[in-house]
Amino acid sequence: MTIDTNINLERWPFRRLSLEETSKLVAKLKASGVTQAWAGSFDGLLHRDIAAVNQRLADACRQFADLLRPFGTVNPVLPDWHEDLRRCHEVHKMPGLRLHPNFHGYTLDDPRFAELLSLATDRGLIVQLALAMEDERTQHALHRVPHVDPKPLAGVVAKLPKLRLVLLNAFRSLSLLQCGEVAKAGQVWFDIAMLESVAGVTKLIEKVSPERVLFGSHSPLFYFESAELKLVESGLPEAVLQQIRIGNAMKLLAVSSD
Amino acid sequence: MLQYRVWDLHCHLLGIVGRTPEEKMANLLEIADRHGIERLCLFFSRTWSKTPTPEELKADNDFIMQAMSHWANRTHGFCYVSGEHVDFSLSEMDRCIQNGPMVGIKLWVAKRANERDLDAIIRKASELKAVIFQHTWFKQDGTQYPGESTPLDLVELAKRHPQTHFICGHAGGQWEMGIRAIRAFKNISIELAGSDPTAGFTEMAVRELGHERIIYGSDSAGRSFASQLAKVYGADISEEAKRMIFSENLRRLIEQPLKLKKTR
């Protein structure tokens, strides 16, 4: 059993993916032992009608409610973003949000980011912050998106002790040492989709503790097997692997539902 | 997941814990064993110097041969050479391949592959039937090193040596471009190592090149074995293609210098 905390529905803007149809992705995840998947939307990266993006995401997740949990997009640069936040929580009953500061054009020291985190925390929402979506060396020539600069993050997190923040695709921006510093600043978790180096999961745990690591595949953009095999490579005891696969995410979700 | 025989074309010992090359090798093999990887090819592992001096090339080759010394049945060494130091590189190939245990050469970023200086190195490698690995990237973020080759640079070299086989390291990073760049040149294979496990990579490579021109590698220890193995395990390709990519295509290339050594 696995909770995959990092998948996306809809279409990646720069390449067709064999699992971009939700039914195919769901089948693949189920066949791989995934019992729940936290889904954002690729449409949330570039679309400006975020309300429609989130409505489609909620509808798709409702269709596969035995597996998918929607994490709606909020873009605090757009006019009236507060309404998107309200709908994610009150209308769609989402457990959390997924933010893309680099695609949406703001930095982590932007007051709107701090306000969004604060409001999400007040509503008990988990916040997933995607620091990257792909290697900056392989981006489309006409659409280069720098990774999120994480320098302000520890300071921002320290001011919101009740915030539950999941960093997705963090490791092209953050060194493992920096991950440790951010983890100490507050309630912060890390998914393993973009974690690299040999036995990287073991190294990450040494810096942030086993309780702060979540399974995330970044499917369908990445081959799902990558995250799965990272656990094999770690050589960690089964109890720790279970925490990463499912235990930590269940605890995080349970607190959110309280 | 089905088990395959896996030979890894692309490993470094940089970043692996250990006080000596032998200790690092043992530690890397212990992790490789978790995936059932049979053999590892070793590339330079002491420093990331982009323009290594002759002394650095020699020290790195010594380091690799020392690391291999206890695991001759599981490792293959690639001699680190440079187009900036052609005469010295030729003597290193004599020392490490002709008279030593290594089976191939690694060309990194000291000089672009299209430079004529590399011709003497390629002729020598061809005589020794050594496997020729050229690092390539098409970088979109402005970090291309002055001497860093793209797959198009390698194509120029391969055109000058049509009877010699080359491996296009990393498939150029931007694999949609790398695959296209080398597609028409049958004496170039690609390796899958050292980029994110983006879905569709291996499927496109099989479709455009045929599975006999694709080789698995990881670029460990900077990359995990896991993310790179996933490019084959996760790909929607035939079992035969997976078997060839995971080991058979590389075995076929490595057997040639090994056979030549036996006949000498």
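Considering only heavy atoms from C-beta on, A/Glu225 stays 4.5 Å or farther from B/Leu229 through its side chain. Contact annotation: the side chain of B/Trp137 approaches that of A/Thr138 to within less than 4.5 Å [non-hydrogen atoms, C-beta and beyond].
The closest donor-acceptor contact from the side chain of A/Glu196 to the backbone of B/Ser224 lies under 3.5 Å. A donor-acceptor pair under 3.5 Å links the side-chain atoms of B/Arg34 to the main chain of A/Glu233, judged by distance alone.
More than 12 heavy atoms of other residues, nucleotides or ligands shown are found within 6.0 angstrom of CZ on B/Arg207. Around CZ of B/Arg74, the count of heavy atoms belonging to other residues, nucleotides or ligands within 6.0 Å exceeds 12. Residue A/Lys30 qualifies as enclosed at atom NZ: its count of foreign heavy atoms under 6.0 Å is above 12.
Going from atom OG of A/Ser197 over to atom CG of B/Asp219 covers 11.5 Å, rounded to the nearest 0.5 Å. Distance check, rounded to the nearest 0.5 Å: CG of A/Leu17 to OG1 of B/Thr198 gives 9.0 Å. Interatomic distance, A/Leu229 CG to B/Gln228 CD, rounded to the nearest 0.5 Å: 11.0 Å. One finds the CZ atom of B/Phe225 at 14.0 Å from the OG atom of A/Ser226 (value rounded to the nearest 0.5 Å).
For a residue to count as touching a neighbouring chain, one of its non-hydrogen atoms must lie under 4.5 Å from one of that chain's; by this rule A/Phe224 does not touch chain B. Heavy atoms of A/Ser234 lying under 4.5 Å from chain B belong exclusively to its backbone. Neither the backbone nor the side chain of B/Ser195 comes within less than 4.5 Å of any heavy atom of chain A. With a 4.5 angstrom heavy-atom cutoff, B/Ala235 touches chain A via backbone and side-chain atoms both. B/Glu30 does not touch chain A: none of its heavy atoms, backbone or side chain, sits under 4.5 Å away.
By number of non-hydrogen pairs under 4.5 angstrom with chain B, the leading residue of A/His218, A/Arg137, A/Gln139, A/Lys28 is A/Arg137. In terms of heavy-atom pairs under 4.5 angstrom with chain A, the leader among B/Ser218, B/Gly222, B/Ser220 is B/Gly222.
Contact between B/Asp196 and A/Glu134 at its shortest, heavy atoms only, is OD2-C, 4.5 Å. Heavy atoms only, all atoms of each residue included: A/Tyr223 and B/Phe201 are closest at OH-N, 3.4 Å. For the pair A/Arg15 and B/Glu176, the tightest heavy-atom approach, listed with the atom from each and the gap, is NE-OE2, 2.6 Å. Scanning both residues, A/Arg172 and B/Arg223, for their nearest heavy atoms gives NH1-NH2, 3.9 Å. Here the shortest heavy-atom pairing between A/Lys230 and B/Ser227 reads CE-CB, 4.3 Å.
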